[in-house]
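Just so it is clear, the model here is predicted, and its values are computed rather than measured. Side chains included, hydrogens not; waters and symmetry mates left out as well; all remaining heavy atoms used.
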Amino acid sequence: MTLHLYSSLERKKREFIPLVPGEARIYVCGVTPYDVTHLGHAFSYVNFDVLRRYLMWKGLKVRYVQNVTDIDDDMIMVSKREGGRPIAQIRDENDAIFRADLDRLNVLRPTVYPFATDHIDAIIETTKRLLALGAAYEVDGDVFFEAQRFSDYGRLNGISIQELAKLDNPESKREEKKRGPLDFLLWQRCAPDEPSWPSPWCDGRPGWSIECTAMSQSHLGDQIDIHGGGSDLIFPHHENEIAQAESATGQSPFCGYWMHNGMLKLDGVKMSKSLGNLVLARNLMERFEPDHLRLYLLSEHYRSDADYREGSIEGLSSRYARLTKVCEEAEEDTEDSALWRVFEEAMDDDLDAPRALDLLDQAAGKVLNGGIGAATLRQALAVLGFAFADARGPARGSLEP
RNA sequence: GGCGCCGUGGCCAAGUGGUAAGGCAGAGGUCUGCAAAACCUUUAUCACCGGUUCGAAUCCGGUCGGCGCCUCCA
């Protein structure tokens, strides 16, 4: 059995075949650090952490890039609201809290953790290139990507460009200047009191989406194996990334496997900053061990819309106790090849961690009753990133990627 | 309106053609000085209607209901 991953572009599971045998290049959309992060972010990054660990366990050399979009409307909004507070300060403050949460959850630090504002040159270069190729056009300092000229636009969203164009203002800015309703900004003029950078078109700032293209190209090359992120980023963000990257490089596909995690809901409603229905990982970690929270976050498949309810984590208490106990107490260091096989089978099936955990829990019960396989159990739990199983990571003092 | 996901016992949930895993909660029990833990036992006409089939939770069509995306969002 080999690893099969579900890719949103084809809407099916495919065998994972990296561009370069033995290596995996992964880009995962990070956060915009203008505000708190919540359990939904933790759900996403813990699951991509498991993807990464599993690929490494399979023997692949993984390069994992996760960006920080530190210049956008929201960052500026917060800066203005707080009397012109420097954006770098807002970024660093929120990012430190975010990182501390992920560290406690034993999420491995990314191989590269780029900031958008450190890639303005690359953004300008990519924009120039898209202009030179005729994929973009400039209007009075603003540069737009012309979506209609990219025939595959809409494919990730499962909808044709003609259908998309019928919708209301997919990208609502600068409506009057655009050639087509789906065109989106690569570079934009900004207000005098907003952060800006010199460019051939105007002193301005990047649009949204171009920074991810610039960063993935800078750190992973023209084509990547896996692009991850929340399903809410599919449109327009990832749709735009495909259009930009493939237009700029002429290489297709830009990405082999599009992996989108489901949205975490709170009592049936999507958790989001705008609704304010947030549960924070750091608050939960006051009541539960980080590994216990990780167990919860891996108990729903990454692609499903998990629904958090009061009691969801408590419900896993006895499982958590069994798994930690087996790691602490099991003396006999025996392997269980059958357990390895079913574990790998579950994980090979689009990272079915919930199924894997069921299997490991059953095995833990047997080990605690005198069965064999403690070594396998511990190692498998380490692949899933549990610090109590000695998984390497920040929670065990290893900040190295 | 468009795209997509989903409706399985009190709750969560596996199961993609051969008469329903598991977990939590509940009930009963074993063990224990009591309790806890552990272990054992116990709970389902699979949203509804129609179709295909020897046979469907599982495939097809429809209905109802819930959710996500289509605007910033992991």
For this session: Would you tell me if any nitrogen or oxygen in the side chain of A:Lys270 comes within less than 4.0 Å of OP1 or OP2 on B:rC69?
Result: yes

Considering only distance and modelled atom types, tabulate donor-acceptor pairs under 3.5 Å from the side chains of residues 147-154 of chain A, sequence neighbours left out.
unit_1, atom_1, unit_2, atom_2, d
A:Arg149, NH1, A:Gly134, O, 3.4
A:Asp152, OD2, A:Arg155, NH1, 3.4
A:Tyr153, OH, A:Asn240, OD1, 2.5

For this session: Return the set of residues passing side-chain hydrogen bond (donor to acceptor under 3.5 Å, both in side chains) with A:Gln217 (not counting sequence neighbours), or none when no residue passes.
Result: none

Exercise. With a non-hydrogen cut-off below 4.0 angstrom, is A:Asp74 in contact with a base, only sugar-phosphate, or nothing?
Worked result: sugar-phosphate

Problem set entry | Pairing residues for A:Glu335 by the salt bridge (charged side-chain N to carboxylate O under 4.0 Å, His left out) criterion, not counting sequence neighbours | none

For this session: Could you pull out all residues at least two apart from A:Arg81 that satisfy salt bridge (charged side-chain N to carboxylate O under 4.0 Å, His left out)?
Result: none

Exercise. Who is the Watson-Crick or G-U wobble partner of B:rG33, with both distances under 3.5 Å?
Worked result: none

For this session: Using Watson-Crick or G-U wobble geometry with both distances below 3.5 Å, tell me the partner of B:rC64, or none.
Result: B:rG7

For this session: Take A:Gly365 and A:Arg319, find for each the nucleotide of RNA chain B with the closest heavy atom, and name the residue whose nucleotide sits nearer the 5' end.
Result: A:Arg319

For this session: Searching all strands shown, indicate the nucleotide that pairs with B:rA20 (Watson-Crick or G-U wobble; both distances under 3.5 Å).
Result: none

Problem set entry | B:rG28: pairing nucleotide in any strand, Watson-Crick or G-U under 3.5 angstrom | B:rC40

Problem set entry | Sugar-phosphate, base or nothing in reach of A:His38, heavy atoms under 4.0 Å | base

Exercise. Taking for each residue the nucleotide of RNA chain B bearing the nearest heavy atom, is the 5' side occupied by A:Asp352 or by A:Met263?
Worked result: A:Asp352

For this session: Evaluate the ring pair (Phe, Tyr, Trp, His ring centres under 6.0 Å) criterion for residues A:Phe98 and A:Tyr45: first the C-alpha distance (whole Å), next the side-chain angles of each, then the deciding distance (0.1 Å), finally the verdict.
Result: CA-CA 11 Å; A:Phe98 172 57; A:Tyr45 298 116; 5.6 Å; yes

Exercise. Which residues within residues 89-106 of chain A lie with some heavy atom under 4.0 Å of an atom in RNA chain B?
Worked result: none

Exercise. Are A:Phe386 and A:Leu360 close enough that some pair of their side-chain heavy atoms sits under 4.5 Å apart?
Worked result: no

For this session: Find the partner of B:rC59: check Watson-Crick (N1-N3 plus N6-O4 or O6-N4) and G-U wobble (N1-O2, O6-N3) distances, both under 3.5 Å, and reply none if neither fits.
Result: B:rG51

Problem set entry | ring pair (Phe, Tyr, Trp, His ring centres under 6.0 Å): pairs with one or both residues in residues 61-93 of chain A, sequence neighbours excluded | none

For this session: Scan A:Gly158 against the nucleic acid and name what it touches under 4.0 Å (heavy atoms): base, sugar-phosphate only, or nothing.
Result: sugar-phosphate

For this session: Go through the structure and list residues passing side-chain hydrogen bond (donor to acceptor under 3.5 Å, both in side chains) with A:Lys325, not counting sequence neighbours.
Result: none

Side chains of residues 17-35 of chain A: which donor-acceptor partners sit under 3.5 Å, not counting sequence neighbours?
unit_1, atom_1, unit_2, atom_2, d
A:Arg25, NH1, A:Leu220, O, 3.3
A:Tyr27, OH, A:Asn67, OD1, 3.2

Nucleotides 6-8 of chain B: which of its N/O atoms have a protein N/O under 3.5 Å away?
none

For this session: Tell me which residues in residues 26-34 of chain A put a heavy atom below 4.0 Å from RNA chain B, sorted by number, or none.
Result: A:Gly30, A:Val31

Exercise. For A:Trp258, which residues count as a side-chain hydrogen bond (donor to acceptor under 3.5 Å, both in side chains) partner, sequence neighbours excluded?
Worked result: none

Exercise. Taking only N and O in the side chain of A:Lys265, is any of them less than 4.0 Å away from OP1 or OP2 of B:rG66?
Worked result: no

Exercise. Is any side-chain heavy atom of A:Phe145 less than 4.5 Å from a side-chain heavy atom of A:Ser209?
Worked result: no

Exercise. By a strict heavy-atom criterion of less than 4.0 Å, which residues belonging to residues 301-318 of chain A are in contact with RNA chain B?
Worked result: A:Gly315, A:Ser318

